Structures are given as C-alpha cells and as structure tokens.
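See below for the structure under consideration.
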Amino acid sequence: MTRVNVMQPWLGAEEVAAVTEVIESGWVAQGPRVAAFEAAFAARMQVPYAVAVSSCTTALHLALVVAGVGPGDDVVVPSFSFIATANAARYVGAQPVFADVDPETGNVTVDTVKTALTPQTRAVIVVDQGGIPVDLAAIRELCDPLDITVVEDAACGAGSTYRGRPVGAGAEVTAWSFHPRKIVTTGEGGMITTTREDWADRARLLREHAMSVSAAERHRSVLPPAEQYLEVGYNFRMTDLQAAVGIVQLGRLDEVVARRRELAARYREALADVRGLRFVDDPAYGTANFQSLWLEVSDPFPLDREGLLAHLAEADVSARRGIMASHRQPAYAGLEHGPLPVTERLTDNTLILPLFHQMTEAQQDQVIDAIRAVASTGVTS
Ligand SMILES: *Cc1c(COP(=O)(O)O)cnc(C)c1O
C-alpha cells in the first residue's frame with residue numbers, strides 16, 4: 001500500500017519546456033506571457049477582460065477595490081469558505097457579514113444572502129465552493145436593483161459550468177486561483193475576470209503600483225517616459241514564469257475536468273449502497289469540476305467524520321476535513337452573525353476524498369475498500 005494524497009497537481013514536460021523558454025528569453029517578470037495567458041483565459045471563460053494577479057486572495061482584494069467597497073460598508077460572504085473570502089472584506093476596511101449555505105451545494109443562495117443583507121451592504125461575495133456552481137442569476141436579481149455588487153469567488157471553479165457557460169461568465173467581476181490545490185495551477189497565482197472595461201483598466205493599474213507606464217512598456221523603449229504613480233497601488237503581479245505554466249495548464253482543462261468527473265462518478269457508484277454517506281453532486285443548473293469531492297457522514301454510518309478520517313489514514317489514505325467555517329476562527333472571534341446551522345453541520349460532518357488527474361483505479365479502490373470495510377463490519381467509533 002502506498003499513500004494516496006488528497007490532491008496532486010498534474011505538471012509535466014510541456015510545463016518544463018514553457019518555463020525554460022521564458023528563462024532563456026531573459027524576461028521573467030510580468031510581460032508577454034502574462035498578456036497571452038490573460039487572453040487565453042478570457043476566451044476560455046467567455047469574458048471580455050482578464051487581469052492576472054499574484055493569487056485569488058489579491059484578486060478578491062482588488063475586485064472589492066475596483067467595485068468601490070470600503071470603510072463603513074458591509075460585504076456578505078459565506079462563512080463556509082476558505083478564509084480568504086471573508087478576509088477580502090477586511091482588506092478594504094469593510095465588515096464581512098456571514099451568510100449560511102445550502103446543504104446540497106455548500107453555496108449561498110438567494111435566501112441565505114437576503115437574510116444577511118444590511119442597509120450597509122455594498123457587495124456580496126458568492127463562492128463556487130469546491131467547484132460546485134453557485135446559482136448566480138437569482139442572487140443578481142436580488143442584488144442588482146439594490147446597487148450591490150456581486151463578486152464571484154471562482155477560486156475552485158475553473159471548468160465548472162453554470163447554465164451552459166463557464167462559471168464566472170455571468171458575474172460583473174470574478175476571482176480565480178491557480179494554487180496547486182485548484183484545477184489549473186501556476187504554483188501561486190490568480191486572475192480577475194470582468195465584464196467592465198473600466199474595472200479591468202483600474203485593476204491593471206493597481207496591480208502594478210498604479211504606475212502610469214508599465215514595466216514592460218518602459219523596458220521596450222531606450223529612453224522611457226517618466227512614470228507617475230496615480231494613486232496608492234500594490235504589487236500584485238504575476239510573473240511570466242507562472243503565466244507560461246498557466247497557458248499549458250489551461251490547454252489541459254477540459255481533459256482534467258472530464259477525468260475528475262469520471263472518477264467522481266466511479267466513487268459514487270462504488271459507494272452508492274453504503275448508508276449514511278451523501279456525496280455532493282451536480283446541481284440541476286450546472287456541472288461541477290469536483291475540485292473538492294466532499295461527502296457528508298451521518299447515521300447510520302458506523303463512524304463519524306473524525307473516525308472515518310482516522311480509519312482512512314490507517315489505510316494510508318490522506319482525506320481532508322471538509323470546508324472550514326470562517327466564523328469559528330480566532331480571526332473572526334467576536335464578530336456578530338446570525339445562525340449558521342447548515343455551515344456548522346457541513347463543516348463538522350463532511351470530508352474531502354482524494355481525487356486527482358493521475359489517480360489510478362487501484363488507488364481509488366484503496367479508498368473505496370477502506371470505506372466499505374467499515375461499512376460492512378459495523379465498527380463503531
Ligand atoms: C483557495 C481559495 C482562495 C484563495 O486562493 P489563493 O490563490 O490561494 O489566494 C479563495 N477562495 C476560495 C473559495 C478558495 O478555495
């Protein structure tokens with residue numbers, strides 16, 4: 001038996017060649033590859049503008065800046081998300097307001113958002129949690145007339161679809177992650193996509209210190225024009241080294257998603273008769289990339305979530321606790337919030353199974369057999 005990891009990035013000779021080419025070109029910082037990656041990403045995600053940045057965390061931060069969110073504003077976010085979603089509100093001096101989620105998808109809904117709205121709400125961050133598409137249209141119908149910006153956190157969502165289009169395409173502004181735990185990776189990296197040219201322009205400026213002349217432009221001229229710093233910006237740039245990897249990875253996205261969906265279906269079928277296990281699945285309105293294939297453990301399954309995790313570890317299977325609840329973290333201690341019963345239920349009772357492109361059926365069977373062994377022997381925790 002060898003260790004089965006929860007996730008492994010799929011990187012190979014093409015990525016090595018792409019990075020080598022960038023190094024040999026002598027230009028490694030933000031430059032032509034970043035521009036090419038942005039163009040390819042915008043086309044694939046069916047959005048007019050894409051701006052590459054250093055992570056999804058910085059993408060969320062910039063999205064709120066360009067949307068004009070700041071001190072005194074409230075930003076509705078799911079607690080059931082990686083903590084960067086809530087932190088984005090704090091970065092701009094706004095206050096996160098936690099919304100609960102739907103038990104089937106793990107995503108906010110129009111009803112949970114409505115419950116969390118305050119007179120100060122200026123933005124809502126919706127998440128395609130674990131790659132399960134969020135039901136965006138209903139939430140925009142609620143928020144647009146109230147002049148509340150809906151930001152989509154599609155960190156996990158590359159390759160998932162909503163109403164027949166890529167997730168994120170229906171939002172005014174969307175943030176993406178290229179961390180190795182996600183579907184397309186550049187080591188670290190992120191992207192902002194938007195339907196608004198003015199927001200894309202401002203994001204491009206702000207990611208590079210709000211410099212009136214970009215570093216790439218200055219490099220092109222022998223006597224560069226003097227640059228000005230138009231406002232207080234940031235260094236949120238992606239490098240050409242990363243973008244070169246991203247271009248290769250993006251070309252593999254369809255293949256990766258198809259394989260993940262195949263493996264997810266195989267898990268579901270192999271464990272369909274085990275009582276007390278519920279798998280997350282495609283919602284009626286879209287398809288998931290299963291970036292995180294989670295299942296909920298409940299009675300009459302003989303072990304609780306912690307028990308099953310420990311049992312899997314004994315079988316050398318590295319599963320993970322489900323999505324975190326941000327409201328329970330010390331960083332948000334003392335922040336008032338309404339009841340979050342579904343968030344708490346899911347965060348306590350779900351686990352994420354190993355799933356990655358190169359996973360073999362033998363590796364998957366190691367996971368399945370370990371789960372079935374408990375189910376059939378009736379071991380109790
Ligand atoms: C991973 C993740 C992030 C953060 O992405 P980084 O690129 O690591 O900054 C933000 N939101 C969600 C929902 C995530 O899963």
Side-chain angles (χ1 to χ4, degrees), residues 56 59-60 63-64 67 69 73-90 94-118 120-157 160-163 167-177 280-286 288-289 291-292 294 296 322-329 332 335-348 350:
C56 183
L60 287 167
L64 292 182
V69 182
D73 295 332
D74 283 346
V75 180
V76 172
V77 299
S79 166
F80 189 69
S81 185
F82 182 63
I83 197 147
T85 310
N87 285 351
R90 283 280 167 87
Q95 189 80 316
V97 178
F98 292 124
D100 209 5
V101 292
D102 174 76
E104 299 294 319
T105 61
N107 288 330
V108 294
T109 65
V110 65
D111 293 324
T112 69
V113 168
K114 197 185 285 175
T115 304
L117 291 184
T118 68
Q120 289 75 44
T121 305
R122 273 284 299 119
V124 175
I125 306 179
V126 301
V127 179
D128 301 295
Q129 193 51 259
I132 309 297
V134 64
D135 193 1
L136 182 74
I139 295 168
R140 286 205 64 177
E141 272 167 40
L142 168 72
C143 293
D144 288 0
L146 300 170
D147 206 22
I148 294 170
T149 301
V150 180
V151 176
E152 189 164 345
D153 178 347
C156 309
S160 298
T161 67
Y162 176 63
R163 296 189 175 184
V167 297
E172 249 183 321
V173 60
T174 301
W176 307 81
S177 174
V280 69
D281 205 349
D282 289 329
Y285 51 76
N289 59 13
Q291 183 271 340
S292 288
W294 54 261
E296 184 177 10
I323 314 302
M324 64 181 290
S326 300
H327 73 278
R328 285 180 171 171
Q329 294 303 311
Y332 290 102
L335 180 66
E336 274 180 47
H337 57 79
L340 301 164
V342 179
T343 297
E344 294 184 349
R345 185 186 113 198
L346 293 182
T347 206
D348 287 340
T350 57

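Note that this is a predicted model, so its numbers are computed, not measured.
With a 4.5 Å cut-off on side-chain heavy atoms, V150 and V126 count as touching. Looking only at side-chain heavy atoms (C-beta outward), L117 and V76 come within less than 4.5 Å of each other. Counting heavy atoms from C-beta on, the side chains of V167 and N289 never come closer than 4.5 Å. Side-chain contact between F80 and N107: absent, with no pair of heavy atoms (C-beta onward) separated by less than 4.5 Å. Taking 4.5 Å as the limit, every side-chain heavy atom of V69 sits out of range of all side-chain heavy atoms of T149. Contact check for V113 versus V110: no side-chain heavy atoms found under the 4.5 Å cut-off. Between F82 and D153 there is no side-chain heavy-atom pair separated by less than 4.5 Å. Taking the side chain as every heavy atom from C-beta outward, I323 and T350 never approach each other to under 4.5 Å.
One finds the CG atom of L346 at 9.5 Å from the CD atom of E104 (value rounded to the nearest 0.5 Å).
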* Output, in order, the C-alpha distance, side-chain angles, deciding distance and verdict of side-chain hydrogen bond (donor to acceptor under 3.5 Å, both in side chains) for T121 and T118. => CA-CA 5 Å; T121 305; T118 68; 3.1 Å; yes
* **side chain to side chain contact (heavy atoms under 4.5 Å, CB included) assessment of R328 paired with T347** => CA-CA 10 Å; R328 285 180 171 171; T347 206; 3.3 Å; yes
* Report the C-alpha distance between D135 and R163 in whole Å, list the side-chain angles of each, state the deciding distance to 0.1 Å, and finish with yes or no for side chain to side chain contact (heavy atoms under 4.5 Å, CB included). => CA-CA 9 Å; D135 193 1; R163 296 189 175 184; 4.1 Å; yes
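Between the side chain of Y285 and the backbone N or O of P133, at least one donor-acceptor pair lies under 3.5 Å. Remark: the backbone N or O of G170 is not paired with any side-chain donor or acceptor of Y162 at under 3.5 angstrom.
The side chain to side chain contact (heavy atoms under 4.5 Å, CB included) test with V342 is passed by exactly one of D102, T112, D100: D100.
Scanning all heavy atoms of the two residues, the minimum distance from A67 to R122 falls at O-NH2, 2.8 Å.
D128 and S160 share no side-chain donor-acceptor pair at under 3.5 Å.
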